[in-house]
Amino acid sequence: MSKKYVYLFSEGNANMRELLGGKGANLAEMTNIGLPVPQGFTITTEACTQYYEDGQKINDGIQAEIMEYITKLEGITGKKFGDLENPLLVSVRSGARASMPGMMDTILNLGLNEDVVDVLAKKSGNPRWAWDCYRRFIQMYSDVVMEVGKKYFEQLIDQMKEARGVTQDVELTADDLKELAGQFKAEYKSKIGQDFPTDPKEQLMGAIKAVFRSWDNPRANVYRRDNDIPYSWGTAVNVQSMAFGNMGDDCGTGVAFTRNPATGEKKLFGEFLTNAQGEDVVAGIRTPMPISEMSEKFPEAFAQFEKVCKILEDHYHDMQDMEFTVENGKLYMLQTRNGKRTPAAALKIACDLVDEGMIDEKQAVAMIDPRTLDTLLHPQFDGEVLKKTPVIGSALAASPGAACGKVVFSAEDAKAWAERGEKVVLVRLETSPEDIEGMKAAQGILTVRGGMTSHAAVVARGMGKCCVSGCGAIKMDEENKQFELSGKTFHEGDWLSIDGSTGKIYDGAIPTVDASIGGEFGRVMGWADQYRRLKVRTNADTPHDAAQARKFGAEGIGLCRTEHMFFDADRIPAIRRMICSDTVEQREAALAVLEPMQQSDFEGIYEAMEGLPVTIRFLDPPLHEFVPTEEADIELLAKDMGKSVAEIKAIIAGLHEFNPMMGHRGCRLAVTYPEIAAMQTRAVIKAALNVQAKHPEWTMVPEIMIPLVGEVKELAYVKKVVVETADAIIKEAGSNMKYLVGTMIEIPRAALTADEIAKQADFFSFGTNDLTQMTFGFSRDDAGKFLDAYYDKKIYENDPFAKLDQTGVGKLVDMACKMGRATNPELHLGVCGEHGGDPSSVEFFHRTGLDYVSCSPFRVPIARLAAAQAAITDEK
Ligand code: ADP
Ligand code: MG
Ligand code: MG
């Protein structure tokens, strides 16, 4: 039997997401549970894949199947496609497996042409409605299918309103709209060179193709990359009979959440617009009314809607985000999905649902997206300064958090300024999907137009980014890059602070303070900790970072880099002296100056970690990073060393490397200068002994990590230096302290010979940053130049430095674990690359059987939650 590519809503259900997409599966589910849904059918994601396989064509077989379902839909609705008696109009809607807000466009009122619109106008006795549908259809079809006219059409509408002396779209008459439709079609013809299509079937296939095509548009590609959605999934297409919210004042359209998506409060939240259609609510063209007002204007539909909300929440056990339309007082449901929410709301809703008995603790842990947590940990405005700073404006608190930055007016500027290290607040009339990258780069977003469900608000909440929307008091002058608020003109580069939790806008910069884990956050993290098997450590080089990470739940330090400790102004001279020494004695003398400094650094870190394990990595970067580049500094060093400037310059020149990433660094430094490793060993062991003496209740087991090993003999050589030095000190102190010597696995050869290396190592820590660089053969610092081209050409879907390449680098990790454990069953395994804080990578490390992941302090809660989710998934 050939594959089925089309399903009626009544043939699907919520479990068929992969095939029907999220929207299609839920339309089917709502149909099944008896909710009022305009009927239709879904063309599967497999049809999308087939479309691309067929060279961007809908093949004859699928076209025929679609037409067969149009006939079925005609039977269900009693209307006929393109008919002059009782015409069927449909919407064509995209819907991928995971919701991708604003990524793909919907076409409404498809099936209209000059003849059909006349029939509608006459039969309904409502020509205004008929022509409103038609002009909308031409507008959307031209924009989405042929990519013409969007801006120009809006200008035409504005001109028409001006000519008629009205301000609102709804004030335009049937004749005005008819005239507009004519203007739109003329514009279409002038751009495309053909008449606007009149055959509904041609319109339908054109629209379906456009949806398939939009799966591959640049915005969709960016969104997918940010949200771990594979390209291979494809999108489904929903063809649905229309419900009309634009037939008059007893009609309208709305968007609502069963709970507040910003705070999580259990209260219906949303907006409604009378005599409107489709995206009017979110487009910010007219200001919608809060959903609560709907109860006065449409008491019956509202009562019905409240019932539907309850049914849907009970059914899905989660907060729902719904789209609906009221046609002549009757409610139609057009969409439901688990609503996007701010991280704070997500935590509150999860806890509330547990308390309401709707879900259990495990489900609560599983329903929170770990990637969003870090926004909760980020700073808030300093309350004291805030109180003293005058509020210059106030608008909708669209997405919480505090943002302070310099004003910019375009997404491109936001990106460019952020790239050169400036903090910016993006101020826009309204945002559109093209602005996503700029929104990402900004600290926060302020818009003049748009409600709580506007594009800016929805996208910002998804990103966990601060957003204040709909500040109508702003007089915007985008062209000249300035705006006026509260009597003051703000120019590009002026400081502005906005609070997405209160909607307040402040003149100038307000300092921020750190957040902490408490309340619902703490509760959910507590549940997560019960389920996870992976331990979570942190990467920290200072007592401050270590203490911060402890607060976020770190169970140790997986990577403490020692080189940062050398860059302090009072230390760098000693390390430079070490580098420029001619003899071992000179070098040892310089190192002797550094030793107590390192020792006290380590003591500070041990104290901060209160007896938890700390892995200290020995000096890693090439020495040339420490030498002076300024003439004055070189002179100083020459004087200090009793050498000539020329001699110093010769030493510096001698350190030059063609490829420092693969040069004289890592354990190679310790092989050439074992005295460095000896000094660092003394500092570590003495620090541990001192701290142990102060805190007998802790069991100090220092962990020394040798970086960049590629051959077991080099590890064995450095290890010997470490062991001889450490044992002597421990013996001298009359202590029996244990310590571990391990290595980073970050060179492919180390992974390939892990069985040998494991015989010399107490632990492996996968340095997946370097391991990724060396496996791919390109450097993290240079990859930015070409990765975009690789994304565009679908060679890579993600940045392998952010998300572990499981197929290649992951294979090395997996292999090294197995080989290492085979020769050393006691081998302790961890990861300390950036990937330790990336949820999908954490899941991989869980499956691979590592003992712990280590990540930056702010990502510790993310890793804890991701590790719990990995364990929960594993159980199933
Ligand atoms: P998005 O994924 O961008 O939300 P949708 O496919 O949900 O796009 O369509 C956007 C809006 O268009 C819906 O919220 C609804 O208001 C309107 N719409 C879509 N299909 C219909 C329909 N069959 N009848 C009435 N309105 C519709
Ligand atoms: Mg949309
Ligand atoms: Mg929708």
Side-chain angles (χ1 to χ4, degrees), residues 343 347 365 370 373-380 512-562 564-565 598-617 684 687-688 690-705 739-740 763 765 828 830-839 842 845 850-868:
L347 293 166
V365 168
L373 291 183
D374 71 329
T375 58
L376 289 176
L377 305 167
H378 282 119
Q380 303 286 319
T512 51
V513 287
D514 286 349
S516 70
I517 297 190
E520 280 129 3
F521 196 171
R523 217 176 146 200
V524 172
M525 293 313 294
W527 294 332
D529 289 344
Q530 290 170 24
Y531 301 118
R532 74 186 155 91
R533 180 189 60 72
L534 276 176
K535 294 266 182 207
V536 178
R537 295 194 186 185
T538 192
N539 299 348
D541 309 337
T542 64
H544 173 266
D545 284 359
Q548 177 77 273
R550 281 283 288 136
K551 270 193 242 154
F552 294 154
E555 297 164 294
I557 290 181
L559 174 63
C560 173
R561 303 177 186 84
T562 51
H564 294 195
M565 303 168 179
Q598 280 245 288
Q599 183 183 326
S600 81
D601 289 331
F602 296 149
E603 283 174 18
I605 284 171
Y606 283 142
E607 290 281 352
M609 291 312 285
E610 299 173 335
L612 293 173
V614 175
T615 304
I616 290 171
R617 181 184 70 184
V684 168
N690 279 352
V691 172
Q692 179 71 81
K694 256 196 242 160
H695 302 278
E697 71 282 11
W698 300 345
T699 310
M700 299 295 299
V701 183
E703 299 177 7
I704 289 172
M705 179 152 77
Y739 63 95
L740 306 176
F763 61 86
S765 176
H828 198 234
V831 59
C832 62
E834 283 299 305
H835 304 95
D838 169 65
V842 169
F845 297 132
L850 296 196
D851 297 301
Y852 69 89
V853 296
S854 187
C855 56
S856 60
F858 278 101
R859 292 170 90 186
V860 165
I862 300 179
R864 286 163 69 194
L865 186 57

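Just so it is clear, the values below take in all heavy atoms, side chains as well, and ignore hydrogens, waters and symmetry mates.
- The closest side-chain heavy-atom distance from R859 to F552 is not below 4.5 Å.
- For the residue pair A528 and L865, the shortest heavy atom distance occurs at CB-CD1, 4.0 Å.
- Checking side-chain atoms of D545 against main-chain N and O of N539 turns up no donor-acceptor pair under 3.5 Å.
- Closest of all the heavy-atom pairs between P613 and E703 is CB-OE2, 3.5 Å.
- For R537 against T615, the heavy-atom pair with the smallest separation is NH1-OG1, 3.0 Å.
- Counting only heavy atoms from C-beta outward, the side chains of Y739 and V684 never approach each other to under 4.5 Å.
- Taking CD1 from I605 and OG1 from T542, the interatomic distance works out to 6.5 Å, rounded to the nearest 0.5 Å.
- Residues satisfying the side chain to side chain contact (heavy atoms under 4.5 Å, CB included) test with Q692, not counting sequence neighbours, are M700.
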Exercise. Is there a salt bridge (Lys or Arg N to Asp or Glu O under 4.0 Å) between E607 and K694 once you walk through the steps?
Worked result: CA-CA 10 Å; E607 290 281 352; K694 256 196 242 160; 3.6 Å; yes
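- Legend: residues meeting ring pair (Phe, Tyr, Trp, His ring centres under 6.0 Å) with Y852, ordered by chain and number and at least two apart, are H828.
- Between F521 atom CZ and L376 atom CG the span is 5.5 Å, to the nearest 0.5 Å.
- Donor-acceptor pairing under 3.5 Å is lacking for the side chains of R617 and S765.
- Note that CG of L740 is 12.0 Å distant from CE of M705, once rounded to the nearest 0.5 Å.
- Minimum heavy-atom separation, I557 to A546: CD1-CB, 4.0 Å.
- The side chain to side chain contact (heavy atoms under 4.5 Å, CB included) test applied to P839 returns P370, R371, I862, A866, not counting sequence neighbours.
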Problem set entry | Stepwise side-chain contact (heavy atoms from CB on, under 4.5 Å) test for M565 and C560 | CA-CA 10 Å; M565 303 168 179; C560 173; 3.9 Å; yes
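- Looking at R561 and L559, their side chains come closer than 4.5 Å, going by heavy atoms from C-beta outward.
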Problem set entry | F602/N690 under side-chain contact (heavy atoms from CB on, under 4.5 Å): CA gap, chis, key distance, verdict | CA-CA 10 Å; F602 296 149; N690 279 352; over 6 Å; no
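- When atom types are taken as modelled, the side chain of T538 and the backbone of C855 share a donor-acceptor pair closer than 3.5 angstrom.
- Between P857 and A549, the shortest heavy-atom distance links the atoms CB-CB, 3.8 Å.
- Using modelled atom types, no side-chain atom of S854 and backbone atom of V831 make a donor-acceptor pair closer than 3.5 Å.
- The backbone N or O of A554 lies less than 3.5 Å from no partner atom in the side chain of R864, so there is not a single donor-acceptor pair.
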For this session: Verify salt bridge (Lys or Arg N to Asp or Glu O under 4.0 Å) between D851 and K535, making sure each step is shown before the conclusion.
Result: CA-CA 6 Å; D851 297 301; K535 294 266 182 207; over 6 Å; no
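- If you take CD on Q548 and CZ on F858, they are separated by 4.5 Å, rounding to the nearest 0.5 Å.
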Problem set entry | Residues L373, M525; criterion side-chain contact (heavy atoms from CB on, under 4.5 Å); working and verdict | CA-CA 11 Å; L373 291 183; M525 293 313 294; 4.2 Å; yes
